[in-house]
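Accompanying notes for the structure given below.
No hydrogens, no waters, no symmetry mates; every other heavy atom, side chains included, goes into these values.
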Amino acid sequence: MAAASGRLTGRIALITGASRGIGAAVARRFAAEGAQLVLVARTVGGLEEADDAARAVGGTATLVPLNLSDFEAIDRLGQSLFERFGRLDILVGNAALLGTLTPIAHIKPREWSDVLNLNLTANWRLIRSLDPLLRAANAGRAVFVTADVGRLPRA
């Protein structure tokens with residue numbers, strides 16, 4: 001990791017899927033850059049590991065164990081962030097679900113629904129709930145992570 005510049009000092013950053021992979025790496029880097037983190041993931045243990053990693057580089061985090069398919073909970077999250085911070089500087093939408101790689105006719109309806117709920121509807125609900133907070137920041141930004149699977153599809 002390159003040396004931190006502190007360029008996110010004083011910024012509030014919410015990261016979904018923060019307990020592992022890309023989300024955990026973004027959380028570590030943002031913590032090193034001085035951001036106050038709001039880490040969202042389903043598993044408490046994974047969130048605690050991400051918190052430990054943030055603290056190891058001098059960061060602080062608020063942990064939010066949340067299944068993003070609980071859409072009403074996303075709205076409550078937006079309200080809680082408003083009450084606590086009054087703004088959100090950065091939203092990193094990283095949580096996603098690939099689902100089974102199989103012919104479409106073989107996908108079970110529940111799995112189809114789960115993939116769409118997390119990859120599409122949850123992100124819409126995040127934007128809907130957090131947009132006022134991003135607009136309250138002096139330079140609010142939303143970044144949504146994807147994979148090359150959309151650009152380079154496989155059979």
Side-chain angles (χ1 to χ4, degrees), residues 1-2 4 6-101 107-108 110-137 140-150:
M1 184 184 314
R7 62 186 165 192
L8 297 179
T9 299
R11 302 289 184 182
I12 301 159
L14 184 147
I15 304 165
T16 68
S19 64
R20 61 184 183 196
I22 293 170
V26 171
R28 279 191 308 276
R29 183 57 193 212
F30 280 18
E33 292 291 344
Q36 163 65 47
L37 303 176
V38 178
L39 303 179
V40 178
R42 290 177 296 169
T43 59
V44 173
L47 284 170
E48 289 171 346
E49 289 175 14
D51 184 41
D52 291 344
R55 289 178 190 276
V57 295
T60 60
T62 299
L63 306 182
V64 181
L66 175 67
N67 182 334
L68 292 172
S69 293
D70 182 350
F71 305 133
E72 289 79 22
I74 293 173
D75 293 341
R76 291 190 301 272
L77 173 63
Q79 181 62 36
S80 295
L81 292 172
F82 174 77
E83 291 169 1
R84 182 165 183 187
F85 301 113
R87 73 175 204 285
L88 180 64
D89 298 290
I90 305 164
L91 164 61
V92 178
N94 171 67
L97 179 63
L98 179 59
T100 304
L101 296 178
I107 298 172
K108 293 180 174 75
R110 177 64 193 189
E111 183 177 5
W112 177 264
S113 180
D114 290 346
V115 169
L116 286 180
N117 281 342
L118 181 58
N119 296 351
L120 183 62
T121 306
N123 287 316
W124 167 70
R125 292 294 287 251
L126 282 165
I127 292 168
R128 181 177 169 268
S129 295
L130 303 178
D131 178 66
L133 295 168
L134 290 164
R135 291 180 185 276
R141 297 288 186 261
V143 177
F144 288 86
V145 178
T146 188
D148 69 354
V149 95

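Closest approach of T60 and Q36 over heavy atoms only: OG1-OE1, 2.7 Å. When all heavy atoms of L97 and N119 are compared, the pair lying nearest together is O-ND2, 2.7 Å. Scanning all heavy atoms of the two residues, the minimum distance from A95 to L68 falls at CB-CD1, 3.7 Å. Taking every heavy atom of both residues into account, N67 and R42 meet most closely at CA-CG, 3.9 Å. Here the shortest heavy-atom pairing between A50 and A18 reads CB-O, 3.5 Å. Between D75 and R128, the shortest heavy-atom contact is OD1-NH1, 3.3 Å.
Under the side-chain contact (heavy atoms from CB on, under 4.5 Å) criterion, I22 pairs with V26, N94, V145, sequence neighbours left out.
Within a 6.0 Å sphere centred on CH2 of W124, other residues, nucleotides and ligands contribute more than 12 heavy atoms. Counting non-hydrogen atoms of other residues, nucleotides and ligands closer than 6.0 Å to CZ of F71 gives a total above 12.
Residues D70 and R76 are in side-chain contact: their nearest non-hydrogen atoms beyond the backbone lie under 4.5 Å apart.
Looking at S69, its side chain never comes within 3.5 Å of a backbone N or O of N117 through a donor-acceptor pair.
The distance from atom CD of E33 to atom OG1 of T9, rounded to the nearest 0.5 Å, is 8.0 Å. Separating the CG atom in L91 from the CD1 atom in I12 is a distance of 13.0 Å, to the nearest 0.5 Å. Atoms CG and OG1, on L37 and T62 in that order, are 8.5 Å from each other to the nearest 0.5 Å. Interatomic distance, OG of S129 versus CG of L88, reported as 11.5 Å (0.5 Å rounding). For the atom pair CG of D51 and CG of L63, the computed distance is 4.5 Å after rounding to the nearest 0.5 Å. I127 CD1 to L134 CG: the interatomic distance, rounded to the nearest 0.5 Å, is 9.0 Å.
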**OP:** Using the side chain to side chain contact (heavy atoms under 4.5 Å, CB included) rule, take T43 and E49 through it: C-alpha gap first, then chi angles, then the decisive distance, then the call.
**Re:** CA-CA 10 Å; T43 59; E49 289 175 14; over 6 Å; no
